> 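The structure is given below, and queries will be raised subsequently.
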Number of protein chains: 2
Amino acid sequence: MIRYANESRFVQAVDCIVFGFDGETLKILLIQRGFEPEKGKWSLMGGFVKPNESLEQASTRILKQLTGLDGVYLEQMHTFGDPSRDPMERTISTAYFALIDIHKYEQQLNNDYHPEWFSVKRMPKLIFDQQEMVEMAQRSIRYKAALHPILFELLPKRFTLPQLQILYESVYNTTIDKRNFSKRVLATGLLIKQVEKDKSSSKRGAYYYHLNMQKYYANFQSFLNFIPNPTNLISQ
Amino acid sequence: MIRYANESRFVQAVDCIVFGFDGETLKILLIQRGFEPEKGKWSLMGGFVKPNESLEQASTRILKQLTGLDGVYLEQMHTFGDPSRDPMERTISTAYFALIDIHKYEQQLNNDYHPEWFSVKRMPKLIFDQQEMVEMAQRSIRYKAALHPILFELLPKRFTLPQLQILYESVYNTTIDKRNFSKRVLATGLLIKQVEKDKSSSKRGAYYYHLNMQKYYANFQSFLNFIPNPTNLISQ
DNA sequence: TATTTAAGTGTAAAATTTACATAATAAGTC
DNA sequence: GACTTATTATGTAAATTTTACACTTAAATA
C-alpha cells in the first residue's frame, strides 16, 4: 500500500471530560492512571485511537469502559496537539465532553480503573494539559447550556423544577428567581408535568416533569436563552 | 527514548477553510491539490503537521503560504478522524477556519498553488470529506457571528454601515431593516465614526467607521446579539 | 390542630425589540 | 443653476420580553 512519504506519524488519543450532577454541584469523573508516565495520578479517562475506529468510536468505547453506559451525550470539544504535551512521546489528543445521569453510572467491577467523582471546585491536580482541558470543558458547557437544553442530560428521566433550577444555578454559579425561572423553562414547552411528586426534599413535594423528547430533539439547535442576561455569565 | 508500546501512529493534517468577503457574497479560497491522491482537484489548503510544531503553528504556517498573511483570525473548528477519510492512508485532520480581509490577500508568486475564490453557493466538488468541513465551517461562523463580532475580520480597517449590513445579510442569507441594524450595531459601542466618506457606491457617500479595538477585544466573548431573532437563522 | 418547610404562582414596571417612512446629500444631467 | 436620481441617514410608537418582587398552598410532623 502506498503511503505519504516523508511525513511524521503520531499517536492519537482521546480524552473524555465526564460531567455529572449529584443534586448539589457539578462533578467530573476521574481515574487513577494505570500506566506510565504519571501512573497512579488522577487523570481524565482517555485512551489511544485504534487503527480502524473513528475518534467518536474511540471516545464512545472508552466512555463505556469507564461508566458502563451507552448512548451518552458526547461532544467533540477541542484537539490538543502541543508537541510536548505528553513527555513520553508526541501525542495528539482530541477531547470530548460527556454529560451523564450520575445515578445511571455504575461502579465498574473490574479493577483496571478506580473512578471517583470530584466537584469541579475541588479537584486534584491532573496530568499533562488535562487541567486546561477541564477548564475548557467547563466553559464549553456553560456556553452551550446558555443556548441549548443540554443540561437535561445530567438529570434522570423525571426531575422537578427545583432540581433543574439548582442544576442551572450550580453550573453558572449564580442564583435565579424561581418564579422567573419556572416561567422561562415552562415557556419552552419542553417539559411535561407528571402527576406524581418527589417528596424527598419537602413535605409538600414537588411535581415531577419529563422532557418532551420530540420537542427536545426538534428544538435542540435553537437558541433558547435559559439564562437571564448571559452576557455577564459567560465571559468570566 | 521510551515510547508507548503497541499503539498505532497516524499522519496528522490540518485543513483551513479561508473565508473572504468581496462586498457581495461570502467566498472561500480553494487550491488545486499539488500531489496524489486527487492531484489537480480543488481542495482546501491543508498540510501535514511536522514533528515540532503545534496544530496552531501548522495552520498558521499553511495560511501564510496560501495568503501571504500573518495575524489572521484563525479558530480551531473540528477534528475529522474517520479511518477511511483519506484513501492513501489513515490521516487525521484538524480543520480550522480563517477570516481574512479579501483585499489584503496577495496572489502568491510561487507556482505551487493556484488559489481561487469561490462563492460558497457555487463551489466545485471538493476531495475527501472537505465538503463536510466547509458546510460545518459555514454553520460555525453563522453560529459564532450571531453572538460575537467576528465578521469584522472580513472587512478592511475602515468600512461603512451599508457594507457591514450587506456582509451580515449575505452570511445569514436574509434581509435586515437598516434602521434597526444601525441602531443595533451602533449600540454596541464598537464602532467609531470617521469624518471621511466612501463615495464609491453612492453620490452622497457613506461614512466610514473604524472598530474600537479596545472594546472589540474586551467584549469579544460577550453575547452581542447582532442578528434579530437568531432562532430562525441558525437551525437550518 | 398548630407548626414548619419548601413548592407554586401573578402582576406591574422597565427594557428591549420590532415595524415602519421620510428627509438629506451630492453627483450628474438638462 | 435647477432638476433628477440613487443612496444614506435617521425617529417613534407599538408590541414583546424581561425583570423585580411576596404571598398562598400543601403535607408532614409535633
Side-chain angles (χ1 to χ4, degrees), chain A residues 23-24 146-147 155 158-170 172 174-210 219 222-234, chain B residues 23-24 146-147 155 158-170 172 174-210 219 222-234:
Chain A
E24 295 193 355
L147 303 165
L155 292 173
R158 60 183 200 172
F159 52 84
T160 67
L161 287 183
Q163 283 166 6
L164 185 65
Q165 180 165 352
I166 290 166
L167 170 56
Y168 273 89
E169 289 180 339
S170 79
Y172 291 97
T174 186
T175 56
I176 308 175
D177 179 89
K178 67 178 169 178
R179 287 162 292 191
N180 293 337
F181 182 78
S182 81
K183 264 183 294 185
R184 201 176 270 271
V185 167
L186 294 174
T188 64
L190 285 175
L191 301 195
I192 302 170
K193 193 176 191 171
Q194 305 302 114
V195 292
E196 312 91 65
K197 286 178 162 184
D198 167 34
K199 299 218 173 144
S200 66
S201 65
S202 77
K203 294 162 183 168
R204 179 177 178 179
Y207 282 107
Y208 281 118
Y209 286 82
H210 284 182
N219 295 349
S222 312
F223 285 176
L224 286 176
N225 194 18
F226 273 107
I227 299 301
N229 196 12
T231 310
N232 302 331
L233 293 168
I234 303 300
Chain B
E24 295 192 356
L147 303 165
L155 293 173
R158 59 182 201 173
F159 52 85
T160 67
L161 287 184
Q163 283 167 7
L164 185 66
Q165 181 167 353
I166 290 166
L167 170 56
Y168 272 90
E169 289 180 339
S170 80
Y172 290 97
T174 187
T175 57
I176 308 175
D177 180 89
K178 66 178 168 180
R179 288 161 291 191
N180 294 336
F181 182 79
S182 81
K183 264 182 295 182
R184 201 176 270 271
V185 166
L186 294 173
T188 65
L190 285 176
L191 300 196
I192 302 169
K193 194 176 193 171
Q194 305 302 113
V195 290
E196 312 91 64
K197 286 178 164 186
D198 166 35
K199 300 219 171 142
S200 66
S201 66
S202 77
K203 295 161 183 169
R204 179 176 177 179
Y207 282 107
Y208 281 118
Y209 286 82
H210 284 182
N219 295 350
S222 311
F223 284 177
L224 287 176
N225 195 18
F226 273 107
I227 300 302
N229 197 11
T231 310
N232 303 331
L233 294 168
I234 303 300

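Here the structure is a predicted model, which means the values were calculated and not measured. Each chain gets a letter, A, B and so on, in the order the sequences are listed, and its residues count up from 1.
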> Taking CD from B/Q165 and C1' from D/dT10, how many angstroms apart are they, rounded to a whole number?
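After rounding, the gap between these two atoms is 14 Å.
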> Under 3.5 Å, which protein N or O atoms sit close to an N or O of nucleotides 4-8 of chain C? Give each pair with its distance.
residue: C/dT4; atom: O2; partner: A/K203; partner atom: NZ; Å: 3.1
residue: C/dA7; atom: O3'; partner: A/G205; partner atom: O; Å: 3.4
residue: C/dA7; atom: N7; partner: A/K178; partner atom: NZ; Å: 3.1
residue: C/dA7; atom: N3; partner: A/R204; partner atom: NH1; Å: 2.3
residue: C/dG8; atom: OP1; partner: A/Y207; partner atom: N; Å: 2.8
residue: C/dG8; atom: O4'; partner: A/R204; partner atom: NH2; Å: 3.4
residue: C/dG8; atom: N7; partner: A/K178; partner atom: NZ; Å: 3.3
residue: C/dG8; atom: O6; partner: A/K178; partner atom: NZ; Å: 3.2

> Apply the test side-chain contact (heavy atoms from CB on, under 4.5 Å) to residues B/T160 and B/Y207: give CA-CA distance (whole Å), side-chain angles for both, the deciding distance (0.1 Å), then the verdict.
CA-CA 6 Å; B/T160 67; B/Y207 282 107; over 6 Å; no
> Over how many whole Å does the gap from B/R179 atom CZ to D/dT7 atom P extend?
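In whole Å, D/dT7 P and B/R179 CZ are 17 Å from each other.
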> Looking at OG1 of A/T174 and CD1 of A/I176, how far apart are the two atoms once the value is rounded to the nearest 0.5 Å?
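A/T174 atom OG1 to A/I176 atom CD1 measures 6.0 Å (nearest 0.5 Å).
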> Is A/K199 touching bases, backbone alone, or none of the nucleic acid, heavy atoms closer than 4.0 Å?
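Contact class for A/K199: sugar-phosphate only.
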> Any chance you could measure B/Q165, atom CD, to B/K178, atom NZ, to the nearest 0.5 Å?
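Going from CD on B/Q165 over to NZ on B/K178, the span is 8.0 Å.
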> Do the ring centers of A/Y209 and A/F159 come within less than 6.0 Å of each other?
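Between A/F159 and A/Y209, which both carry aromatic rings, the centre distance is not below 6.0 Å.
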> Provide, to the nearest angstrom, the distance between the NZ atom belonging to B/K183 and the P atom belonging to C/dC20.
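After rounding, the reported distance stands at 13 Å.
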> With a cut-off of 6.0 Å (strictly less than), are more than 12 heavy atoms of other residues, nucleotides or ligands near CD of A/E24?
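Not more than 12 within 6.0 Å, no.
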> Work out which heavy atom in A/I192 is nearest to a heavy atom in A/Q194; give both atom names and the distance.
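Nearest pair, atom of A/I192 first, then A/Q194: O-OE1, 3.1 Å.
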> Whole angstroms only, please: what is the CG-P distance between B/N180 and D/dT16?
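Rounded to the whole Å, the gap is 15 Å.
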> Does D/dT19 have its OP1 or OP2 closer than 4.0 Å to a side-chain nitrogen or oxygen of A/R184?
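For D/dT19, OP1/OP2 do have a side-chain N/O of A/R184 under 4.0 Å.
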> What is the distance from CG of B/L186 to P of D/dT10, rounded to the nearest Å?
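Interatomic distance, CG of B/L186 to P of D/dT10: 8 Å.
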> Could you tell me the separation between the CG atom of A/D177 and the P atom of C/dA14, rounded to a whole number of Å?
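Atom-to-atom, A/D177 to C/dA14, this comes out as 18 Å.
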